[in-house]
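Written out below as structure tokens is the structure these notes cover.
Side-chain atoms are counted along with the backbone in the values below, which use heavy atoms only and exclude waters and symmetry mates. Owing to the predicted nature of the structure, the values given are computational and were not obtained by experimental measurement. So that the names make sense, note that chain A is the first sequence line, chain B the second, and so on, each numbered from 1.
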There are 2 protein chains.
Amino acid sequence: MVRLVVMSDLLERLRGRGWRMTAQRRVVAEVLDGEHVHLTADEVYTRATARLPEISRATVYNALGELVSLGEVLEVATDDRAKRYDPNAHRPHHHLLCSRCGTIRDVHPTGDPLADLPDSERFGFTVSGVEVTYRGLCPDCTTT
Amino acid sequence: MVRLVVMSDLLERLRGRGWRMTAQRRVVAEVLDGEHVHLTADEVYTRATARLPEISRATVYNALGELVSLGEVLEVATDDRAKRYDPNAHRPHHHLLCSRCGTIRDVHPTGDPLADLPDSERFGFTVSGVEVTYRGLCPDCTTT
DNA sequence: ATCCTACGATGGACCAATTCCAAGTCAATA
DNA sequence: TATTGACTTGGAATTGGTCCATCGTAGGAT
């Protein structure tokens with residue numbers, strides 16, 4: 001129920017931003033919005049084909065790239081080869097990543113890492129953001 | 001001068017750890033150790049061929065993978081497609097990355113991000129490490 | 001409601017980064 | 001210095017992603 005509301009918010013927001021809505025784009029947006037884990041492009045494609053079998057891989061990549069440019073989705077680089085897509089771009093958060101299976105969860109640490117980087121460690125850079133990635137084993141991978 | 005000492009330390013350490021030493025492995029280790037920027041596998045390969053023209057790409061990948069497993073080198077995932085290799089694994093540090101040109105610098109923020117992740121935000125994971133990546137524009141890219 | 005047309009979708013070719021594999025080579029031990 | 005299991009090789013295969021010419025369609029205009 002809540003998810004449906006959130007989902008239509010996303011679609012509404014995209015439409016309002018002038019994003020031309022097509023069946024394919026809607027499906028990609030819905031797939032991302034319905035998940036709380038961070039999917040790879042291929043996982044998005046698999047889930048999208050379940051709803052819209054004719055959708056093409058290229059279209060999924062296009063839509064993901066556009067959502068990233070619009071700032072609605074975050075691209076997360078992992079040690080895996082595949083990037084993952086984080087639909088929770090509107091709220092600041094960081095990531096907890098299982099080094100065995102690649103699962104990613106959003107986490108909210110305390111403290112402000114930006115404040116922890118003194119000027120003397122900025123080397124003339126204009127620093128605009130931080131990402132914090134915790135690594136470990138998820139419950140499933142710990143036991144098996 | 002200092003670099004030569006450090007380099008032989010690395011080779012010594014690897015030998016002591018039972019790492020079978022070959023011309024190819026020595027060259028890869030030397031290339032990494034001689035650089036203060038973080039190279040891609042391909043850049044390592046290029047520099048390695050300068051010293052040992054017959055070395056194969058597969059060997060470079062093998063050696064890099066082994067150095068990573070041994071904990072002597074850190075694998076850094078960037079937004080680029082290629083991973084980068086950070087030979088400074090023995091000292092804890094984080095990264096400052098130019099979002100325009102991809103340059104990476106090592107930085108040493110204050111504070112302990114591991115302490116900033118409460119149990120309630122660990123979701124049953126066994127957390128073993130953190131990486132902090134600051135993003136911004138380097139001095140060169142700020143002005144141009 | 002229908003027509004236009006610019007923008008989106010398609011799928012197959014292409015590319016870059018990395019891994020795999022079978023055969024040849026060599027470092028370290030005896 | 002002979003042996004041998006570990007290392008190296010290069011080429012093929014795989015993976016993740018991009019490009020492009022052509023076809024289709026959302027949404028504004030009529």
Side-chain angles (χ1 to χ4, degrees), chain A residues 11-12 14-32 38-70 72-86 101-102 104, chain B residues 11-12 14-32 38-49 51-70 72-85 102:
Chain A
L11 290 177
E12 219 48 59
L14 290 169
R15 216 190 282 274
R17 296 247 237 144
W19 205 50
R20 187 166 166 181
M21 192 54 66
T22 67
Q24 293 84 345
R25 288 175 168 199
R26 180 171 20 254
V27 164
V28 169
E30 283 173 4
V31 163
L32 279 176
H38 301 339
L39 304 174
T40 61
D42 199 65
E43 287 163 348
V44 172
Y45 172 70
T46 302
R47 282 165 175 70
T49 44
R51 299 173 179 227
L52 187 63
E54 328 78 58
I55 195 171
S56 130
R57 249 175 238 282
T59 300
V60 171
Y61 278 104
N62 288 340
L64 287 173
E66 284 152 17
L67 289 170
V68 169
S69 309
L70 287 169
E72 295 289 348
V73 163
L74 241 43
E75 205 174 59
V76 184
T78 69
D79 294 339
D80 273 359
R81 294 224 289 204
K83 292 170 190 162
R84 287 172 182 272
Y85 294 87
D86 176 356
C101 69
I104 303 182
Chain B
L11 290 177
E12 218 49 57
L14 290 169
R15 215 190 283 274
R17 296 247 236 143
W19 204 49
R20 187 167 165 181
M21 192 55 66
T22 67
Q24 294 83 344
R25 288 174 167 197
R26 182 171 18 254
V27 164
V28 169
E30 285 172 2
V31 163
L32 279 175
H38 302 337
L39 303 174
T40 62
D42 198 67
E43 287 164 346
V44 172
Y45 172 70
T46 301
R47 282 165 175 70
T49 45
R51 298 173 180 226
L52 187 63
E54 330 77 59
I55 196 171
S56 129
R57 264 199 172 69
T59 300
V60 171
Y61 278 103
N62 288 341
L64 287 173
E66 284 153 16
L67 289 170
V68 170
S69 310
L70 287 168
E72 294 290 348
V73 163
L74 241 44
E75 206 175 60
V76 184
T78 69
D79 296 339
D80 274 359
R81 293 223 291 208
K83 291 170 191 162
R84 288 175 181 270
Y85 293 87

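Counting heavy atoms from C-beta outward, Y85(B) and H38(B) have side chains that stay 4.5 Å or more apart. Contact of the L14(A) side chain with the L67(A) side chain is registered, since non-hydrogen atoms from C-beta on lie closer than 4.5 Å. Residues V68(A) and L64(A) fail the side-chain proximity criterion, which asks for heavy atoms closer than 4.5 Å. Proximity of I55(B) to V28(B): side-chain heavy atoms (C-beta onward) are separated by under 4.5 Å at one or more points. With contacts defined as side-chain heavy-atom distances shorter than 4.5 Å, the pair R15(B)/R26(B) qualifies. T59(B) has its side chain out of reach of R25(B): every pair of non-hydrogen atoms, C-beta onward, lies at least 4.5 Å apart.
Protein atom CG of D80(B) is 12 Å distant from nucleotide atom C1' of dA17(C), rounded to whole Å. One atom, CG of D42(B), and another, P of dT19(C), lie 13 Å apart when rounded to the nearest Å. Rounded to whole Å, the distance from CE on M21(B) to P on dG5(D) is 22 Å. In this structure, CD of E75(B) is placed 8 Å from P of dT18(C), rounded to the nearest angstrom. Rounded to whole angstrom, the span from the OH atom of Y45(B) across to the P atom of dA17(C) amounts to 14 Å. Whole-Å rounding puts the L14(B) CG to dA6(D) C1' distance at 16 Å. When rounded to the nearest whole Å, the span between OH of Y61(A) and C1' of dG17(D) equals 5 Å. Rounded to whole angstrom, the span from the CG atom of D79(B) across to the C1' atom of dA17(C) amounts to 16 Å.
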Going 5' to 3' along nucleotides 4-13 of chain C, which nucleotides have protein heavy atoms under 4.0 Å from the base (write B), which only from the sugar-phosphate (write S), and which from neither (write -)? --BBSSBB--
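The residue among G18(B) and T40(A) whose nearest nucleotide of DNA chain D is located toward the 5' end is G18(B).
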